[in-house]
Structure formats: structure tokens, C-alpha cells
Amino acid sequence: MASLDPTNWQNPLGQAMCGRYQFVADQKDVADHFGLVGDLPALQPRYNVAPTQVVVVVGLKPDGQQRGLALLRWGLIPRWAKEPGKHPPINARAETLLEKPTFRDSFKQRRCLVPATGFYEWEKVGRRKAPHHFRLAGGGLMAFAGLWDVWAGPDGAKLATCCVVTVPANRLVEPLHDRMPAVLAREDFAAWLDPTTPVCDLQALLRPYPAEGMEALVVGPAVNNVRNDGPECLAPAA
DNA sequence: CCAGACGTTGTT
DNA sequence: GTCTGG
DNA sequence: CCAGACGTTGTT
DNA sequence: GTCTGG
């Protein structure tokens, strides 16, 4: 087993699960869906969001009431880390959020919603990798359960990061992977964001989204390369 | 007491 | 094979 | 998650 | 910061 020194977050065994997603939505729909008020920054269509990139999240503003958008780097660096590693965790297992020092405080105090319109999983076909796109049936906005933290370097420079909570895969995703992002229903947004929600209530929200409410598409290999970030990522497989 | 770790999924 | 970059 | 690099000295 | 291992 390789070193687990947080200054060297290597992953010698493999990669994390929910490692690529899509967020393509109109500003107005995002505002409506997430209950955002006031001016929003322009939302670039993102067909291929990858780890280490800056992502859009929804959180409570400092007043603790209104919701707002924030830009956080995907890959959680806890505030106590001595150095930000190169590959911080992009996912956090729902079952162990309270046990893991890396996630526990963020789970209790710093939760967010990660807006998305789908996520990708890869099927190994020989030595090829065939991406599949998972989304809500008929499309539409999803919200992944997210955690965040702010790390400060010795020079005071701040680095705000986040990760996506995972749960066991539902029947639709299970053929490809045994984990999937925790997708929160709209009626659960308030409880997830509320810093006073009891932990057991939060845990009850972290369950596989029903397969009946989702659909899958087999897409071409464009999404494999992070340089591709346009509609070609959804082109059907040849 | 101090030192050192602190993570995920997937593959074997 | 393993690590970095996106 | 996948793709792509993986090295040196010396020259532009 | 907090926990485990020695």
C-alpha cells in the first residue's frame, strides 16, 4: 500500500467513481430549480466537467437564508491538510461520512448542492472504454449532494474545494458501477443545506435515486478527452 | 507522550 | 507501470 | 473519470 | 483538527 500522506494524495489503485458529469442549463431554469435570487453569473454549458476543474455549486449565503452560487475546485482538501495534494478525493462515501476525518466536519457544517444534468460512467469493452450518460428521465436538472471546505496556504491564499457524495448504484447504473452520486430531490434541498439538520436526517437523504426516474444513453468517445466540452460529448456511439 | 495518517473506485 | 493534468 | 507523458543538455 | 499506532 502506498503512502496515504495528505501531501501526496496519490491513488495507486484506481480512480474515483463519479468522475465526470454534465451541467448544461439555462440560467433561469437553474434559478427556479434551486431557489436562487438576484443576479447570477453566466453559466457556461459544461458537457464534460472533470476532476480538478472549477465547478458551480449552490450553497447558503452567509446570512444562512438565501441560496447562492459559488465556484469551487472539484477535489476536497480539508482545512487541516498541510499541503493541497494533486489528487484530493472527488467523492465521499455516504456510509462513512461521519467516520472519515477528511469529510466529517464538512458533512456536519459545509454542505452544498452540485447542479448537474447528467453524469458519465465507463464500460470496459476489451481495451476500449465506452462512456454511458445517465440523466433524469426526459432530462432536467439534478442536484448531487456535495461537501466543501476552504484550505488556506501559509501565505494566506485560500483554496475552496468540494466533492460529491456517493451511494450504492441503482438498478440502472449497477451494470456499470456499484456506486453513483447521491442525487437529492428538490424537496430535500433545504434540509441538506440547513446547518441545523440532524445528522440522522441528513443520512436518510443519501440513498440511490430511483432507477425508474432515470435513463441511460450510450455515447461516443468524445467525452473521454477533457478537451472536448461541447455537444459532441452526447453524440450516440457509432 | 509524539509521529503520522487523514480518500475513492476498481482491479486482482 | 505510474504519475500528472484537465 | 480519461489522456498523455514519462529525459537531458544545450540552443533558440 | 482528530484519531491511531507505537
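Chain letters run A, B, ... following the sequence lines, proteins first and then strands; every chain starts at 1.
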> B:dT8 phosphate, OP1 or OP2: any side-chain N/O from A:R93 under 4.0 angstrom?
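Answer is no, no contact under 4.0 Å.
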
> Under the rule for salt bridge (Lys or Arg N to Asp or Glu O under 4.0 Å), what residues qualify as partners of A:E232, not counting sequence neighbours?
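Listed in chain order: nothing, the list is empty.
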
> Without decimals, in angstroms, what is the distance between A:R128 CZ and D:dC2 P?
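Distance, rounded to whole Å: 14 Å.
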
> Scan for salt bridge (Lys or Arg N to Asp or Glu O under 4.0 Å) pairs involving residues 190-203 of chain A, sequence neighbours excluded, and state none if there are none.
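Sorted pair list comes back empty.
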
> C1' atom, C:dG1 versus D:dT12: distance in rounded Å?
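The answer is 35 Å between these two C1' atoms.
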
> Please convert DNA chain B into dot-bracket. A pair counts if it is Watson-Crick or G-U wobble with both distances under 3.5 Å; crossing pairs go in [ ] and bases paired with another strand get |.
||||||......

> Cut-off 3.5 Å, no hydrogens considered: what does the side-chain donor-acceptor table look like for residues 103-110 of chain A, sequence neighbours left out?
from	atom 1	to	atom 2	distance (Å)
A:S106	OG	A:W148	O	2.8
A:R110	NE	A:W148	O	3.4
A:R110	NE	A:D149	OD1	3.3

> Please give me every residue in residues 225-238 of chain A whose heavy atoms get under 4.0 Å of an atom in DNA chain D, ordered by residue number.
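A:N225, A:R227, in order of number.
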
> Tell me the interatomic distance from A:R20, atom CZ, to D:dC2, atom P, rounded to whole angstroms.
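Computing the A:R20:CZ to D:dC2:P distance gives 7 Å.
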
> Need one value for A:F103: base, sugar-phosphate or nothing, where a base atom within 4.0 Å counts as base even if backbone is also close, heavy atoms only.
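Result for A:F103 = sugar-phosphate.
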
> For DNA chain E, which nucleotides open and close the run of contacts to chain A, 5' to 3', at under 4.0 angstrom from a non-hydrogen atom?
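Answer, 5' to 3': E:dG1 to E:dT2.
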
> A:W122 CH2 to B:dT8 P: how many Å, rounded?
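To the nearest whole Å, that distance equals 20 Å.
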
> Could you list the residues that satisfy ring-ring contact (aromatic ring centres under 6.0 Å, His included) with A:Y21, not counting sequence neighbours?
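Scan of A:Y21 (ring-ring contact (aromatic ring centres under 6.0 Å, His included), adjacent residues dropped) gives A:W74, A:F144.
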
> In whole angstrom, what separates A:K86's NZ from D:dA5's C1'?
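That distance rounds to 14 Å.
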
> If a pair satisfies side-chain hydrogen bond (donor to acceptor under 3.5 Å, both in side chains) and one of its residues is in residues 202-215 of chain A, list it, with sequence neighbours excluded.
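Listed by first then second residue: A:R135-A:E215, A:R171-A:E212.
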
> Can you tell me if A:D229 uses its side chain to pair, donor with acceptor, with the backbone of A:N48 under 3.5 Å?
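Yes: the side chain of A:D229 pairs with the backbone of A:N48.
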
> Is the shortest side-chain N/O distance from A:T166 to OP1 or OP2 of B:dT9 below 4.0 Å?
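For A:T166, the contact criterion (side-chain N or O under 4.0 Å from OP1 or OP2 of B:dT9) is met.
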
> Determine the Euclidean distance between corresponding P atoms of D:dA3 and B:dT8; express it in Å to zero decimal places.
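The same atom, P, in both gives a distance of 25 Å.
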
> Parallel, tilted or perpendicular for A:H132 and A:F134, by the 30°/60° rule?
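The arrangement is parallel - the two ring planes meet at less than 30°.
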
> When you measure from the side chain of A:T197 to the backbone of A:A191, do you find a donor-acceptor pair of N or O atoms at a distance under 3.5 Å?
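Yes; judged by distance alone, with no hydrogens or angles, the pair exists.
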
> Can you tell me the distance, in whole Å, between the CD atom of A:E83 and the P atom of B:dG4?
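Result: 16 Å.
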
> Does A:R93 have any salt bridge (Lys or Arg N to Asp or Glu O under 4.0 Å) partners at least two apart in sequence or in another chain, and if so, which?
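Partners of A:R93 by the salt bridge (Lys or Arg N to Asp or Glu O under 4.0 Å) criterion come out as none, since no residue qualifies.
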
> A:H33: what forms a ring-ring contact (aromatic ring centres under 6.0 Å, His included) with it, not counting sequence neighbours?
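With neighbours one apart ignored, the set is A:F189.
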
> Can you hop from A:L176 to A:V218 via hydrophobic side chains spaced under 4.5 Å?
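Cluster IDs for A:L176 and A:V218 differ.
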
> Please name all residues satisfying salt bridge (Lys or Arg N to Asp or Glu O under 4.0 Å) with A:K158, sequence neighbours left out, ordered by chain then number.
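A:K158: no salt bridge (Lys or Arg N to Asp or Glu O under 4.0 Å) contacts found.
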
> Check the distance between B:dT9's P and A:R179's CZ and give it to me in whole angstrom.
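One finds 5 Å between P of B:dT9 and CZ of A:R179, rounded.
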
> Using a 4.0 Å heavy-atom cut-off across all strands, classify A:S106 as base, sugar-phosphate, or nothing.
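No contact.
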
> Take atom CZ of A:F107 and atom P of B:dT8, then tell me their distance rounded to the nearest Å.
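One finds 13 Å between P of B:dT8 and CZ of A:F107, rounded.
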
> A:W151 side chain to A:W80 main-chain N or O, any donor-acceptor pair under 3.5 Å?
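Judged by distance alone, no pair lies under 3.5 Å.
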
> Around atom CG of A:D39, are there more than 12 heavy atoms of other residues, nucleotides or ligands at under 6.0 Å?
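No - once you tally the heavy atoms of other residues, nucleotides and ligands closer than 6.0 Å, there are 12 at most.
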
> Could you tell me whether a side-chain N or O of A:Q22 sits under 3.5 Å from a main-chain N or O of A:R46, the two making a donor and an acceptor?
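Side chain of A:Q22 to backbone of A:R46, a donor-acceptor pair under 3.5 Å: no, none is there.
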
> Near DNA chain D, which residues from residues 145-163 of chain A have a heavy atom under 4.0 Å away?
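Going residue by residue through residues 145-163 of chain A, none turns out to have a heavy atom under 4.0 Å of DNA chain D.
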
> Less than 4.0 angstrom between a side-chain N/O of A:N91 and OP1 or OP2 of B:dT9, yes or no?
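Answer no for this pair, as no side-chain N or O of A:N91 is under 4.0 Å from OP1 or OP2.
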
> Rounded to the nearest angstrom, tell me the gap between atom NZ in A:K100 and atom P in B:dT9.
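It works out to 10 Å between those atoms.
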
> What's A:R79 touching, base or sugar-phosphate or nothing? Going by heavy atoms closer than 4.0 Å.
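The answer is nothing, as A:R79 stays clear of every strand by at least 4.0 Å.
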
